[in-house]
Amino acid sequence: MASQNNTGRQFDKRHAVTVVATIALAANRFAAYDGGYPDASGGAKDAQGVTETAATPGEAVAVVTSYSYLVEAAAPIAFGALVKPDATGKAVAGTTAEHCGRALGAATQAVQLIEAQILQHVHA
């Protein structure tokens with residue numbers, strides 16, 4: 001869970017927007033512009049940022065859009081790796097052709113929170 005040179009969990013939230021959830025959203029997950037989880041189809045399904053709290057359908061939730069926030073890992077992730085969301089918004093290893101963030105910490109197993117730098121969602 002180390003983040004850069006800090007051994008604790010940290011983040012640098014600079015901006016957040018309010019999104020109305022269209023599905024049940026968990027905290028610390030990537031969220032799409034349409035209030036659901038992101039996928040590779042682009043547009044409103046691109047990752048906008050990371051949820052601060054959980055939300056039920058129709059409920060407003062803050063989504064951090066810049067610079068970094070804690071995101072739940074779905075699998076081990078190396079420090080510095082590009083990351084993208086899985087089907088439930090958890091961070092998994094990304095590629096240069098598909099990513100929406102960079103790991104500023106490392107996860108040794110699933111469910112750990114890591115600091116992720118939030119980037120514009122990139123698709124192949």
Side-chain angles (χ1 to χ4, degrees):
M1 284 187 252
S3 181
Q4 293 181 4
N5 295 324
N6 184 329
T7 57
R9 296 179 188 160
Q10 69 179 26
F11 59 89
D12 185 5
K13 178 178 88 171
R14 295 206 180 148
H15 302 284
V17 297
T18 303
V19 173
V20 176
T22 55
I23 62 170
L25 296 173
N28 302 102
R29 305 276 181 96
F30 287 108
Y33 288 86
D34 70 353
Y37 288 124
D39 63 34
S41 64
K45 294 305 291 180
D46 276 349
Q48 183 175 22
V50 179
T51 57
E52 286 193 87
T53 60
T56 58
E59 187 175 28
V61 63
V63 174
V64 178
T65 60
S66 177
Y67 172 75
S68 68
Y69 203 68
L70 297 173
V71 65
E72 184 178 341
I77 297 174
F79 168 78
L82 292 169
V83 295
K84 66 179 184 177
D86 70 1
T88 63
K90 294 180 183 179
V92 295
T95 66
T96 55
E98 178 71 33
H99 67 274
C100 63
R102 183 172 297 278
L104 299 179
T108 58
Q109 61 187 14
V111 306
Q112 287 181 323
L113 294 177
I114 61 167
E115 181 183 12
Q117 182 178 3
I118 300 165
L119 304 172
Q120 180 179 359
H121 204 148
V122 174
H123 302 286

Gln48 and its side-chain contact (heavy atoms from CB on, under 4.5 Å) partner, picked from Ile118, Thr65, Asp34: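 The side-chain contact (heavy atoms from CB on, under 4.5 Å) with Gln48 is passed solely by Thr65 among Ile118, Thr65, Asp34.
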Stepwise side chain to side chain contact (heavy atoms under 4.5 Å, CB included) test for Thr22 and Val20: CA-CA 6 Å; Thr22 55; Val20 176; 5.9 Å; no
Val111/Glu72 under side chain to side chain contact (heavy atoms under 4.5 Å, CB included): CA gap, chis, key distance, verdict: CA-CA 6 Å; Val111 306; Glu72 184 178 341; 3.6 Å; yes
Donor-acceptor pair, [X] side chain versus [Y] backbone, under 3.5 Å?
X: Asp86; Y: Val92; answer: no
X: Arg29; Y: Thr88; answer: yes
X: Arg14; Y: Tyr67; answer: no

Rounded distance [0.5 Å steps], [atom1] in [X] versus [atom2] in [Y]:
X: Leu70; Y: Asn28; atom1: CG; atom2: CG; value: 6.0 Å
X: Gln117; Y: Leu82; atom1: CD; atom2: CG; value: 10.0 Å
X: His121; Y: Leu119; atom1: NE2; atom2: CG; value: 10.5 Å

Heavy-atom pair of closest approach, residues [X] and [Y]:
X: Tyr69; Y: Thr51; value: CE2-O, 3.8 Å
X: Ala75; Y: Ala107; value: O-CB, 4.2 Å
X: Ile114; Y: Ala103; value: CD1-CB, 4.0 Å
X: Gly35; Y: Leu25; value: O-CD1, 3.5 Å
X: Phe30; Y: Cys100; value: CE2-SG, 3.6 Å
X: Asp39; Y: His123; value: O-CE1, 3.6 Å

ILVMFWY cluster, Val71 and Val17 together (side-chain gap under 4.5 Å):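 Cluster IDs for Val71 and Val17 differ.
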Polar contact flag, side-chain donor to acceptor under 3.5 angstrom, Glu115-Ser68: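 Their side chains do contain a donor-acceptor pair, which is all the 3.5 Å distance test asks for.
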Donor + acceptor pair across side chains of Glu59, Thr56 (<3.5 Å):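 Per modelled atom types, Glu59 and Thr56 side chains form a pair under 3.5 Å.
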Validation row: Glu52, Val63 side chains within 4.5 angstrom (heavy atoms):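 They are not in contact (no side-chain heavy atoms under 4.5 Å apart), so the answer is no.
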Glu98 with Lys84: basic N within carboxylate O range, under 4.0 Å: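 Salt bridge: no.
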Within 6.0 angstrom of Lys13 NZ, more than 12 heavy atoms from elsewhere: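 No - once you tally the heavy atoms of other residues, nucleotides and ligands closer than 6.0 Å, there are 12 at most.
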